[in-house]
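Taking it in order: structure first as structure tokens, then the write-up.
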Amino acid sequence: MIRFFENYSLKSHNTFGVEARCRYFFEFTEPEDLETFIQSDETWKELPHFILGGGSNVLFKRDFEGLVIHPNIPGIFKVKEDRQNIWFEVGAGEVWDDFVKYCVDYEMGGVENLSLIPGLVGAAPVQNIGAYGQEVSNVIELVKGYDLQQKLPLEFRADACEFAYRDSLFKRDLKNRFIITSVVFRLEKFPEFNLKYGQVEEKVKELGEINLQNIRKAVIDIRSSKLPDVNELGNAGSFFKNPVVKTEVAEKIRKHYPDAPVYQVNESEVKLAAGWLIEKTGWKGMREGQVGVHEKQALVLVNYGNATGKEIYDFSEKISQTVFEKFGIQLEREVNCV
Ligand code: EPU
């Protein structure tokens with residue numbers, strides 16, 4: 001199925017809930033629909049285009065004078081299985097958390113710590129979604145899609161996707177060029193649980209047995225207690241990435257603030273918590289007009305109602321400037337600003 005609109009509102013297509021219009025909006029449910037459109041319609045060539053999944057990691061700063069392409073391909077299909085693993089191909093338009101629930105219900109491990117992350121499956125590899133010690137790249141086997149430049153369907157094996165912390169090839173070299181249509185995941189029949197992050201283990205034990213259902217429940221509890229529900233308060237999860245810095249930089253900060261959270265990345269680098277840095281500059285819970293920093297998680301910016309994308313963006317600039325002045329650390333946005 002194809003849907004095509006002109007002068008289309010994106011308000012219901014971004015979890016910040018900001019008003020922005022695009023010149024054209026193209027939605028499709030079959031990979032073949034996309035191919036037909038690209039081969040037969042040349043409109044997209046002259047216009048800037050933007051690939052939109054669930055809109056949970058995007059901030060529209062203004063109207064978009066171009067074509068928005070929205071892959072909405074459904075389906076979860078078993079590809080194959082062996083004694084240890086089971087492979088599923090999932091359409092880009094499936095809701096990520098529905099897939100996680102499906103895996104947990106059928107006792108397949110590998111994505112349970114990624115419960116309740118908003119967005120669609122097609123966007124998961126782009127920013128290599130991660131939480132509570134798991135990253136989606138660990139269970140991706142293959143990413144399938146369509147290359148707008150070569151006008152060809154293409155597939156990338158996981159080792160060709162250049163996955164890194166909140167990063168991939170699709171976010172850089174292939175940005176707005178490669179449209180993901182489905183992802184093949186490799187799940188574990190006998191998973192090793194990952195309980196090391198934060199309060200996960202403690203929460204699971206409170207719930208009883210250590211199993212996939214209880215891990216999912218624990219993660220949902222932790223997320224819900226810190227992160228605002230997009231249906232109640234517009235937001236896009238973490239607005240900034242956690243900065244990766246040289247160990248010496250973190251040591252300097254630790255001299256003044258021994259409680260600063262630091263996570264080892266490799267021998268010479270560590271990750272700092274952007275939420276902590278923002279909290280220390282006094283922004284946590286602050287509000288200016290319709291925009292604010294969430295009171296329970298300083299890494300999350302919220303729209304209290306009718307904020308514009310520009311207001312949210314300008315507010316975020318003020319925050320990163322204050323963090324830079326206080327700590328000399330330049331925060332990098334995690335959210336895609338359009
Ligand atoms: N912290 C503060 N103040 C705050 C927020 C956090 O001091 O206001 C401290 C916490 O006490 C903790 C540390 O910072 O010591 C890390 O906090 P948290 O566990 O809440 O996670 P995060 O680093 O802020 C990252 C991801 C989240 C993911 C969580 C859990 C990024 C950019 N964000 O947040 O992902 O859910 O870890 O794994 O890496 C997202 O990407 O949208 C997202 C929500």
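Just so you know, ligand 1 is whichever comes first in the structure, and atom 1 is the first atom listed for that ligand. No experiment lies behind these values; they were computed from the predicted model shown.
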Identity and separation of the nearest protein heavy atom to atom 8 (O) of ligand 1: Ala298 N, 2.8 Å
For ligand 1, the portion of Tyr197 having any non-hydrogen atom under 4.0 Å away: side chain
Lys205 atom NZ, neighbour heavy-atom count above 12 within 6.0 Å: no
Any Lys280 heavy atom less than 4.0 Å to ligand 1: no
Arg166, any N or O under 3.5 Å of ligand 1 N or O: yes
From Gly275, Pro261, Ser238, Ala274 - option closest to atom 15 (O) of ligand 1 by heavy atom: Pro261
Audit row: Lys284, Glu295, salt bridge (Lys or Arg N to Asp or Glu O under 4.0 Å) steps and yes/no: CA-CA 6 Å; Lys284 194 169 183 172; Glu295 55 193 7; over 6 Å; no
Protein heavy atom under 4.0 Å of atom 11 (O) of ligand 1: no
From Ile312 atom CD1 to Phe60 atom CZ, the distance as rounded to the nearest 0.5 Å: 12.0 Å
Which of the ligand 1 atoms, numbered from 1, are nearer than 4.0 Å to a heavy atom of Ala273: 13 (C), 14 (O)
Glu279 contact mode with ligand 1 (heavy-atom cut-off under 4.0 Å): side chain
Arg223 heavy atom under 4.0 Å from ligand 1: yes
Ligand-residue contact atoms, ligand 1 with Gly237, heavy atoms, under 4.0 Å: 42 (O)
Parallel, tilted or perpendicular, as decided by the 30° and 60° cut-offs, for the rings of Phe99 and Phe88: perpendicular
Face-on cation placement of Lys271 at Tyr165 ring, 6.0 Å and 45° thresholds: yes
Nearest non-hydrogen protein atom, atom 23 (O) of ligand 1: Asn242 ND2, 2.8 Å
From Tyr165, Tyr132, Phe240 - option closest to atom 31 (C) of ligand 1 by heavy atom: Tyr165
Test salt bridge (Lys or Arg N to Asp or Glu O under 4.0 Å) applied to Lys101 and Asp97, step by step: CA-CA 6 Å; Lys101 182 172 186 309; Asp97 193 52; over 6 Å; no
Pair Phe28 + Phe26: ring centers closer than 6.0 Å: yes
Within the 6.0 Å centroid threshold, strictly below: His13 and Tyr8: yes
Part of Tyr263 with heavy atoms under 4.0 Å of ligand 1, whether side chain, backbone, both or neither: side chain
Ligand-side contact atoms (ligand 1) for residue partner Lys284, heavy atom cut-off under 4.0 Å: 3 (N), 4 (C), 8 (O)
Donor + acceptor pair across side chains of Arg333, Tyr313 (<3.5 Å): yes
Ser168-Asn128 side chain donor-acceptor pair, cut-off 3.5 Å: no
For atom 20 (O) of ligand 1, closest protein heavy-atom neighbour: Gln297 NE2, 3.0 Å
Ring center gap for Tyr257 and Phe327 short of 6.0 angstrom: yes
For atom 1 (N) of ligand 1, closest protein heavy-atom neighbour: Trp276 N, 3.8 Å
Numbered atoms and elements of ligand 1 in range of Glu334, under 4.0 angstrom, heavy atoms: 32 (C), 40 (C), 41 (O), 42 (O)
